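First up is the structure itself, then whatever we jot down about it.
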Number of protein chains: 2
Amino acid sequence: MQTVLTRELTELDIKPPHLDILINLYRFEGISQQELAHKLLVGRSNMSMALPQMEKRGLIERRGDTKDKRVLRLYLTREGRSVTEKAMAIQTALIERTLSSEPLDQCMAMAESMERLIVTLQSEIREDSREPS
Amino acid sequence: MQTVLTRELTELDIKPPHLDILINLYRFEGISQQELAHKLLVGRSNMSMALPQMEKRGLIERRGDTKDKRVLRLYLTREGRSVTEKAMAIQTALIERTLSSEPLDQCMAMAESMERLIVTLQSEIREDSREPS
DNA sequence: ACAATAAAGTACAATGATGAACAAAAATCA
DNA sequence: TGATTTTTGTTCATCATTGTACTTTATTGT
């Protein structure tokens with residue numbers, strides 16, 4: 001599954017970790033590397049390694065903030081926006097292909113399982129707080 | 001958080017990925033490397049690298065299955081069982097330390113968020129199946 | 001029985017994520 | 001203002017995981 005997505009992204013000449021970056025930048029343009037790392041739940045050093053590659057590939061642009069010379073604000077290039085749209089289409093198609101037909105029932109079953117799990121957890125929590133032993 | 005656990009495990013001379021292995025072996029002794037990898041949701045090659053290290057450290061023992069010469073069955077040594085118990089105690093203590101006092105409310109809030117999320121998802125699913133557009 | 005296929009384990013190279021140590025710029029505050 | 005502390009981003013060494021190719025042993029089909 002991940003393997004398939006990786007293979008399809010290779011044709012756009014981007015690597016899997018770049019996809020999340022592109023999608024977030026597509027939605028929130030002009031944010032800093034810090035903010036982006038925070039949104040993606042990864043360390044800042046990660047961005048420091050990935051973003052220069054993407055800049056060289058012409059997908060993004062990094063412009064220094066005029067007020068704060070420490071921060072680099074991130075923007076998609078025309079090329080980057082185009083690639084992002086293609087990548088999202090690929091991803092969506094893959095998901096629909098994977099999810100189509102059979103597993104709708106499974107989704108419902110999972111949701112019900114989760115509900116039961118939550119109920120169980122809640123009652124255990126209530127017991128724990130009643131008997132702090 | 002993960003960092004703290006790692007540091008505490010270092011004193012037992014085991015690495016983080018070994019902890020999951022030990023705990024599963026503590027519960028299900030005699031399983032094969034394949035089965036263990038499946039339980040841990042990782043690839044078989046992972047086990048092939050981690051387990052020989054643990055065997056050298058005297059935590060586990062790998063005995064060939066008599067019926068099937070391909071499979072290696074896994075057993076905890078006395079030492080391994082002892083280390084596992086200590087590690088689980090450390091882990092539990094850390095969790096209780098982290099979870100104590102404040103975040104009980106947060107647990108309940110999270111559970112409620114999940115419930116709402118599930119309801120939303122279910123209605124979206126129903127809409128999707130009504131209008132397959 | 002035997003040929004083809006599948007499964008268990010191993011070796012290895014490639015990828016990705018992480019934290020620590022560091023430099024530059026900004027904020028704090030005395 | 002000037003000193004201290006934070007914050008941004010970078011670099012680097014380390015560790016973990018993955019997939020692929022391979023060997024050995026079982027299973028399956030004919």
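All chains are named by letter (A, B, ...) in the order of the sequence lines, taking the proteins before the strands, and each is independently numbered beginning at 1. Please read all numbers here as calculations on a predicted model, not as lab measurements.
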Checklist entry - Atom CG of B:L5 to atom P of C:dG19: distance rounded to whole Å? => result 13 Å
Next on the checklist: Without decimals, in angstroms, what is the distance between A:K67 NZ and D:dT7 C1'?
Outcome noted: 19 Å
Checklist entry - Any Lys/Arg nitrogen of A:K67 or A:D65 sitting under 4.0 Å from an Asp/Glu carboxylate oxygen of the other? => result no
Item to check | ILVMFWY network linking A:L72 to A:V42, side-chain heavy atoms under 4.5 angstrom | outcome: no
Next on the checklist: As an exercise, state the distance from CD1 of A:I14 to CD of A:E8, rounded to the nearest 0.5 Å.
Outcome noted: 11.5 Å
Report all interatomic pairs (protein N or O, nucleotide N or O of nucleotides 15-17 of chain C) with separations under 3.5 Å.
none

Next on the checklist: Rounding to an integer number of Å, can you tell me how far A:E35 CD sits from D:dG9 P?
Outcome noted: 8 Å
Checklist entry - Does a nitrogen or oxygen in the side chain of B:R7 sit under 4.0 Å from OP1 or OP2 of C:dG19? => result no
Next on the checklist: Just the rounded figure in Å: distance from P of D:dT8 to NE2 of A:H38.
Outcome noted: 11 Å
Checklist outcome for this item: A:M47 atom CE is separated from C:dT18 atom C1', nearest whole Å, by 12 Å
Checklist outcome for this item: Out of D:dT10, D:dT18, D:dA26, minimum distance to the side chain of A:R44 belongs to D:dT10
Checklist entry - What about B:I23 and B:Y75, same hydrophobic cluster or not, with Ile/Leu/Val/Met/Phe/Trp/Tyr joined at side-chain heavy-atom distances under 4.5 Å? => result no
Checklist entry - When the nearest nucleotide of DNA chain C is assigned to B:R73 and to A:T66 on a heavy-atom basis, which residue is associated with the more 5' position? => result B:R73
Item to check | Candidates B:H38, B:R62, B:R73, B:R44 - the one meeting side chain to side chain donor-acceptor pair (under 3.5 Å) with B:Q33 | outcome: B:R62
Next on the checklist: Can you say whether a donor on the side chain of A:R70 sits under 3.5 Å from an acceptor on the base of D:dT7, or the other way round?
Outcome noted: yes
Next on the checklist: Any salt bridge linking B:E79 with B:R81? Criterion: basic side-chain nitrogen under 4.0 Å from a carboxylate oxygen.
Outcome noted: no
Next on the checklist: I want to check one thing: is the phosphate of D:dT8, taken as OP1 and OP2, less than 4.0 Å away from some side-chain N or O of A:S32?
Outcome noted: no
Item to check | Separation of B:L74 CG from B:E55 CD (nearest 0.5 Å) | outcome: 9.0 Å
Checklist entry - Between atom CG in A:D68 and atom C1' in D:dT6, what is the gap in whole Å? => result 11 Å
Next on the checklist: Rounded to whole Å, please give me the gap between CD in B:Q33 and P in C:dA7.
Outcome noted: 17 Å
Checklist entry - What is the distance from CD of A:Q34 to P of D:dT10, rounded to the nearest Å? => result 11 Å
Checklist entry - So does A:S45 reach the base of C:dG19 with its side chain, donor to acceptor, closer than 3.5 Å? => result yes
